[in-house]
S.K.: 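Just passing along the structure, written as structure tokens.
We count ligands from 1, going down the list as the structure has it; atoms in each ligand are counted the same way.
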Amino acid sequence: MGSTQVGIVRDLAKYPPQDPSAKKDLYNAALELLYSVESAQDTAQRLYHGHVPLAMAQTGIDLNLFNILAEQQDREWTLEQLAEKTKAEPALLYRVLRCLNAYGMVTQTKDNTFTASNITKNLALPSTHAGIKHYSLTMTPAYNAIPKYLAKTGYKNPTDSAPFNLAYNTDLPVFEWRKHNPENAKAGQAFMAAQRIGQRSIWDGRVPVSDLQLSEKDVADGRVMFCDVGGGMGHQCLDLRKYHPELKGKMVTEDLPLAQDMIPNREEMKKLDIEPIPHDFMKEQPTKNAKVYYLRNVIHNWNDEPSKVILSSVRKAMADDSVVIIDDVLMPTIGATWKQASMDMAMMTMLAAMERTKEHFEKLLADSGLKLREVHVYDEEYGDSLIVAVPA
Ligand SMILES: C[S@@+](CC[C@H](N)C(=O)[O-])C[C@H]1O[C@@H](n2cnc3c(N)ncnc32)[C@H](O)[C@@H]1O
């Protein structure tokens, strides 16, 4: 019986389904299977060595190993050929490759021969490189400080400081600290920029845009149709125009001058009636009476008190028919996935911030003079959602 079950799992590993949704279901089921059969030693060893795959992935990236292997997916490389290409000492390279094989990141075909695995191509992507750099360089030391930080602060939800501050022995918030730590700043920026590469635009028909429709009078009066608060480089405004050229009215993207200095295409924005406005969202909202105020990945960067300041200042600028759309992860009350729960921990660790449930958003909105109207979950796997609110 046991060997039949193993045979089924091995066959699935060898001939996985090709349909993306069947693949995803199998991936999640396989994780469940792993946990359900894990022995005490397996658990201990998995946790002890938790840092090894990330460190090895970073080393593989630094040596350009994954790109070399992924460029010729079926080619088998000898250790000597890879040593020649990477300029690493063969004895060290062998150990690295052996470990990467053990974690499925490459495949060892013979004693001294290696080829790309299913995962190698994922590790050859620039977006993955950016994430691995940010996590191995900046996040890992901060995660390591979590237990000490929580013990020191009496196991309270972090509000004024975060494990990051203990890890890096600084009182500065992370964005300020980055100004003095250019390598971390560069890695962090690259990760933010790469994070959503390849993802579908949310404006491609998955979410309703009826709130963005202005009346003819509104258009004639020059009413702002879409105000992207903390909008970074204005990419959501550009995407919205691209997918919905029928929506009339001006758009505004607001952010700190530091972020707006990086906007690459101001001329294009001007032609599309998108105006970048430098603004600190802790202060009075300068764009009054917009039809929609949109905040993507902004509120999850803050805990409740500063979030109330941001939302209340938006509330004061709203007209009776204005709408606030928060675009954040909506945490389930039961069974958060490891990706969702880890993102919540990332927010806590670096920013003393959090991901929120629907009930938590309802309270936060009520405390800011707003009320929840509806929720659109547009990515089930991550829980990415539009939380739509109106004046209370
Ligand atoms: C995680 S990013 C999200 C950017 C963009 N909304 C997106 O989804 O790509 C958070 C943004 O908040 C901006 N930000 C941080 N503090 C701010 C402040 N006090 N006022 C305005 N923007 C701020 C940052 O510069 C950054 O662009």
Side-chain angles (χ1 to χ4, degrees), residues 127 130-131 134-135 138-139 162 164 172-179 184-204 207 226-243 251-265 269 274-287 290 292-303 305-314 316-317 324-330 343-344 346-356 378-379 382-387:
S127 52
H134 175 60
Y135 274 80
T138 310
M139 298 292 291
F164 153 81
L172 296 174
V174 66
F175 289 108
E176 280 298 310
W177 171 85
R178 273 191 190 173
K179 288 182 192 161
N184 303 78
K186 197 169 152 216
Q189 282 304 115
F191 174 55
M192 292 300 151
Q195 222 175 3
R196 285 178 182 253
I197 290 177
Q199 274 187 17
R200 288 167 61 187
S201 164
I202 62 153
W203 309 116
D204 69 354
V207 298
F226 184 75
C227 176
D228 193 357
V229 183
M233 292 189 266
H235 34 280
Q236 283 294 79
C237 291
L238 286 165
D239 253 18
L240 183 58
R241 268 288 188 250
K242 182 170 142 201
Y243 284 95
M251 295 193 200
V252 163
T253 178
E254 301 174 342
D255 209 297
L256 297 171
L258 193 72
Q260 294 205 322
D261 285 349
M262 289 187 268
I263 292 178
N265 40 5
M269 286 181 130
I274 301 169
E275 187 186 358
I277 296 183
H279 168 54
D280 176 346
F281 51 45
M282 295 297 169
K283 304 205 171 126
E284 184 186 334
Q285 173 55 245
T287 306
V292 167
Y293 293 89
Y294 175 74
L295 302 100
R296 182 176 82 161
N297 287 359
V298 167
I299 295 301
H300 81 155
N301 285 163
W302 303 88
N303 58 55
E305 287 314 310
S307 294
K308 282 182 219 168
V309 175
I310 299 169
L311 291 169
S312 300
S313 99
V314 168
K316 283 189 198 123
V324 178
I325 301 181
I326 296 172
D327 186 344
D328 258 347
V329 168
L330 194 74
M343 183 54 86
D344 179 53
M347 293 300 120
M348 181 186 88
T349 304
M350 302 305 283
L351 298 154
M354 65 194 73
E355 304 294 352
R356 294 174 172 86
Y378 65 87
D379 183 322
Y382 289 91
D384 286 328
S385 307
L386 298 189
I387 295 114

S.K.: Between the side chain of E284 and the main-chain N/O of A317, is any donor-acceptor distance below 3.5 Å?
M.R.: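 Absent.
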S.K.: Please tabulate protein-ligand N/O pairs under 3.5 Å for ligand 1, atom names and distances to 0.1 Å.
M.R.:
{"residue": "ligand 1", "atom": "6 (N)", "partner": "G230", "partner atom": "O", "Å": "2.8"}
{"residue": "ligand 1", "atom": "6 (N)", "partner": "R296", "partner atom": "O", "Å": "2.8"}
{"residue": "ligand 1", "atom": "8 (O)", "partner": "R296", "partner atom": "O", "Å": "3.2"}
{"residue": "ligand 1", "atom": "8 (O)", "partner": "R296", "partner atom": "NE", "Å": "2.6"}
{"residue": "ligand 1", "atom": "8 (O)", "partner": "R296", "partner atom": "NH2", "Å": "3.4"}
{"residue": "ligand 1", "atom": "9 (O)", "partner": "H235", "partner atom": "NE2", "Å": "2.8"}
{"residue": "ligand 1", "atom": "9 (O)", "partner": "R296", "partner atom": "NH2", "Å": "3.1"}
{"residue": "ligand 1", "atom": "19 (N)", "partner": "D280", "partner atom": "OD1", "Å": "2.9"}
{"residue": "ligand 1", "atom": "20 (N)", "partner": "F281", "partner atom": "N", "Å": "2.9"}
{"residue": "ligand 1", "atom": "22 (N)", "partner": "D255", "partner atom": "OD1", "Å": "3.4"}
{"residue": "ligand 1", "atom": "25 (O)", "partner": "D255", "partner atom": "OD1", "Å": "2.7"}
{"residue": "ligand 1", "atom": "27 (O)", "partner": "D255", "partner atom": "OD2", "Å": "2.7"}

S.K.: Determine yes or no for a side-chain-to-main-chain donor-acceptor pair under 3.5 angstrom, with D328 supplying the side chain and H300 the backbone.
M.R.: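 Present.
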S.K.: With ring centroids as reference points, do W203 and Y294 lie under 6.0 angstrom apart?
M.R.: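 Between Y294 and W203, which both carry aromatic rings, the centre distance is below 6.0 Å.
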S.K.: Looking at V309 and M282, what are the two nearest heavy atoms and their distance?
M.R.: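 Of all heavy-atom pairs spanning V309 and M282, the closest is CG1-O, 3.6 Å.
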S.K.: Hey, is the main chain of E355 close enough, under 3.5 Å, to the side chain of D344 for a donor-acceptor pair?
M.R.: yes
S.K.: Is a donor on one side and an acceptor on the other found under 3.5 Å between the side chain of S313 and the backbone of K283?
M.R.: yes
